[in-house]
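In what follows, a single structure is set out as structure tokens and then discussed.
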Amino acid sequence: MTTTPTRRTAHAAKEAPMQAPKRSAQRTIHGSPWIAAAFAAPLMIYLIAFYAYPLIRSIDLSVHDYNIRAFVQGDAEFVGLANYIDVVQSNLFPQALWNTFLFVGVSIVFQYAIGLALAVFFRHNFRLSSLLRALFLVPWLLPLIVSASTWAWMMNSDSGIINSFLGAVGLDPVNWITSPDTALLSVIIANIWLGIPFNLVILYSGLQNIPDEVYEAAALDGAGAWKTFWRITFPLLRPVSAITILLGLVYTLKVVDIVWIMTKGGPANSSLTLAVWSYREAFGTGQPAFSPASAIGNLLIVIALVFGLFYIRLQRREEH
Amino acid sequence: MLRTHAGASKRATWWKTVLGLVFTALMLFPVYWMVNVSLTPRSDLRKNPPDLFPVSPTLEGYEAVVDQQLPALGISLLVGLGCVVVTVALAAPAGYAIALLRLRGGKALNFILLVAQMIPAVVMAMGFYAIYVRLGLLNSIWGLILADSTIAVPFGVLLFTAFMSGIPRELLQAARMDGASAWRTFLSVVMPISRNSVLTVSLFAFLWAWSDFVFASTLARNADVVPVTLSIYAYIGNNTTQWNAIMATAVVASIPAAVLLVFAQRYVAAGVTAGAVKD
């Protein structure tokens with residue numbers, strides 16, 4: 001497919017070696033816009049087949065009443081927005097929304113605060129600093145199933161290391177993931193741990209872009225470390241911080257695996273977030289209910305996009 | 001004067017190293033614990049308090065991995081490699097078109113890719129499931145490769161575009177003067193220069209496919225195609241007494257991450273930041 005247009009350019013280049021007007025040479029290196037389109041065509045087809053079409057399919061699922069039989073035969077009844085109304089009016093909706101809010105909010109606040117503290121700590125090189133910084137990436141690189149199962153075992157009520165540590169300092173054991181009071185907290189703790197590396201890396205690279213002169217000037221003025229942080233580092237880092245937090249929001253909203261593997265959203269829905277709820281309706285029980293599941297999922301997309309568009313706007317502004 | 005100053009600052013960084021070691025140890029404690037449990041004999045697993053070190057290390061967990069997990073590891077390897085090929089083959093030419101051939105609508109495409117990364121995997125999984133049921137792609141390696149590649153392709157295009165935008169135009173002009181076609185220029189000029197980007201994208205595409213749980217657990221629900229993530233998940237569900245075997249599998253499943261960190265550390269940090277901040 002690409003050979004025809006490329007050969008033609010080769011010809012054109014041979015025929016008119018030096019005559020190419022300067023203006024067009026600046027605009028494109030290789031002649032016609034069709035060549036550019038040819039190089040991007042596989043991606044375009046891919047995006048339509050593997051992004052747009054599944055997405056349309058999921059919207060289609062959410063406005064029909066699909067059960068397994070209708071799924072295979074394709075004769076589900078059109079119900080309009082009934083699935084969305086059912087979801088929003090369901091008893092679970094306020095709880096899932098609140099859990100999502102807590103899961104995302106608490107995770108982001110701690111990931112960001114710890115990530116920023118570590119980034120400031122690592123700002124000046126010291127012996128082993130780059131090695132240690134690299135090791136901090138480990139939680140981010142591990143497969144989620146690995147992290148989730150390790151945390152689940154560490155938080156095990158009877159044999160977990162966390163409870164035996166609590167016992168050693170004279171505290172009562174906690175039924176971390178088996179009690180409705182602490183299940184959400186447990187997955188939040190694991191999720192904070194997972195998100196620290198991402199925050200550290202981005203905030204660290206943001207810190208590298210703050211010129212040393214600014215700090216030197218502050219030191220000459222006699223500003224202490226605390227004052228320097230609040231008067232210089234934090235304000236100058238604000239654009240990068242905003243990007244980090246918004247990206248974290250979008251990513252955390254759609255988290256399924258860590259929660260599903262540790263608690264399945266339970267006990268008694270105490271750690272059920274919107275994303276996990278959607279997953280559970282569709283794939284988590286013996287009875288797949290794709291229609292409500294995709295309705296929840298599409299609501300989630302809308303929420304994610306609101307934050308996502310903020311992020312894109314900010315990033316654009318950063319580039320200019 | 002100068003010497004005391006240097007001495008003082010050296011002492012200050014020495015403290016920082018110690019503090020850094022403490023932070024890192026705290027952060028990596030779960031990883032250490034995974035390794036420790038993987039080496040603990042089954043009879044000691046329920047010991048209270050648990051042993052902080054592998055007092056009597058055993059390889060029985062790892063024997064279970066060799067006995068039971070090799071097919072799963074093989075499938076994950078295949079899916080990961082397939083994903084690398086699909087991702088680079090799609091993303092590199094597209095990045096070239098956007099960055100160097102000034103693709104019309106390139107800005108819009110970039111925007112679409114950013115938005116695409118924000119769609120929750122669970123929504124995509126339902127769409128894929130609905131399509132795969134009809135096409136008979138459920139429980140197939142190809143089905144998994146295609147689904148998993150959606151995690152990496154947008155990232156790949158954005159990274160290639162960012163890198164290729166920095167390639168000096170003179171280089172391409174020179175290739176054109178020599179009579180090289182756009183395709184030739186792509187293969188023999190642009191791709192060799194972009195080696196590091198190819199490596200970064202490949203590493204992430206592999207790691208994300210290898211680590212994927214959501215697509216695997218929805219699109220490969222039969223026992224035919226079981227990648228290692230699902231295999232660990234099934235383990236947790238089936239027997240909770242063999243935690244040393246579960247943790248041993250987890251250690252083995254972490255090998256790609258470790259390899260990545262040792263051999264390609266700077267690309268990892270570059271990859272994380274490329275997605276978020278442009279400097």
Side-chain angles (χ1 to χ4, degrees), chain A residues 2 6 9-10 13-14 28-30 33 35-36 39-40 42-43 46 50-51 54-55 57-58 126-128 132 134-138 141-146 149-150 153-154 159 161 164 201-202 205 209 240 243 247 250 254 256-257 275 278-279 282-283 290 294 297 300-301 304 308 312 319, chain B residues 13 16-17 20 24 27-28 30-31 33-34 46 48-50 90 93-94 96-97 100-104 114 116 118-120 122-124 126-128 130-131 150 172 176 179 181-183 211 213-214 218 229 232-233 236 243 246 250 253-254 257 260-261 265 268-269 272-273 276-279:
Chain A
T2 41
T6 35
T9 354
K14 260 181 219 154
T28 53
I29 307 297
H30 281 283
I35 296 172
F39 273 94
L43 176 74
Y46 175 87
F50 297 107
Y51 266 101
L55 209 58
R57 234 13 214 110
S58 119
F126 50 89
R127 193 180 287 254
L128 293 182
L132 296 181
L135 286 174
F136 261 88
L137 288 172
V138 168
L141 294 173
L142 291 180
L144 269 174
I145 181 92
V146 168
S149 49
T150 305
W153 182 243
M154 284 171 51
S159 323
I161 178 73
S164 85
V201 170
I202 296 186
S205 86
N209 290 337
V240 180
I243 281 175
L247 215 54
V250 174
K254 55 182 194 173
V256 171
D257 8 26
S278 171
Y279 181 89
F283 303 105
F290 286 103
S294 51
L300 201 60
I301 293 186
I312 291 172
E319 280 172 21
Chain B
T13 59
K16 278 199 138 188
T17 303
T24 314
M27 187 71 180
L28 294 190
V31 180
W33 199 245
M34 164 177 79
R46 296 273 170 188
N48 198 2
L90 286 165
Y96 175 55
L100 297 170
L101 302 179
R102 300 287 169 86
L103 178 74
R104 254 184 225 165
L114 278 171
M118 291 161 189
I119 302 170
V122 61
V123 177
M124 296 292 289
M126 280 183 268
F128 274 116
I131 297 166
T150 58
L172 304 177
R176 193 189 174 186
S181 65
W183 178 243
S211 315
F213 174 78
V214 172
T218 53
T229 48
I232 297 177
Y233 182 65
I236 304 174
W243 273 90
I246 297 175
S254 310
L260 221 137
L261 200 68
Q265 190 220 110
V268 175
V272 183
T273 33
V277 206
K278 273 185 75 178
D279 48 9

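Order of the sequence lines sets the chain letters (A, B, ...), proteins ahead of strands, with each chain counted from 1. These numbers were taken from a predicted model, which means no experiment stands behind them.
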Largest heavy-atom contact set with chain B, pairs under 4.5 Å, which of A:Ala275, A:Ala282, A:Ser278
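Maximum pair count with chain B is reached by A:Ser278.
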Can you say whether [X] sits under 4.5 Å from chain B via the side chain, the backbone, both, or neither, judging by heavy atoms?
X	value
A:Leu55	side chain
A:Tyr46	side chain
A:Ile161	both
A:Leu128	side chain

At what distance, to the nearest 0.5 angstrom, does CD1 of A:Ile312 lie from CG of B:Leu114?
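So the CD1 of A:Ile312 and the CG of B:Leu114 are separated by 4.5 Å.
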So, [X] side chain and [Y] main chain: donor-acceptor pair closer than 3.5 Å or not?
X	Y	result
B:Thr17	A:Arg127	yes
A:Tyr279	B:Thr218	no
A:Tyr51	B:Thr150	yes

Taking C-beta and beyond as the side chain, do B:Met124 and A:Phe50 meet within less than 4.5 Å on heavy atoms?
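Answer no - side chains too far apart.
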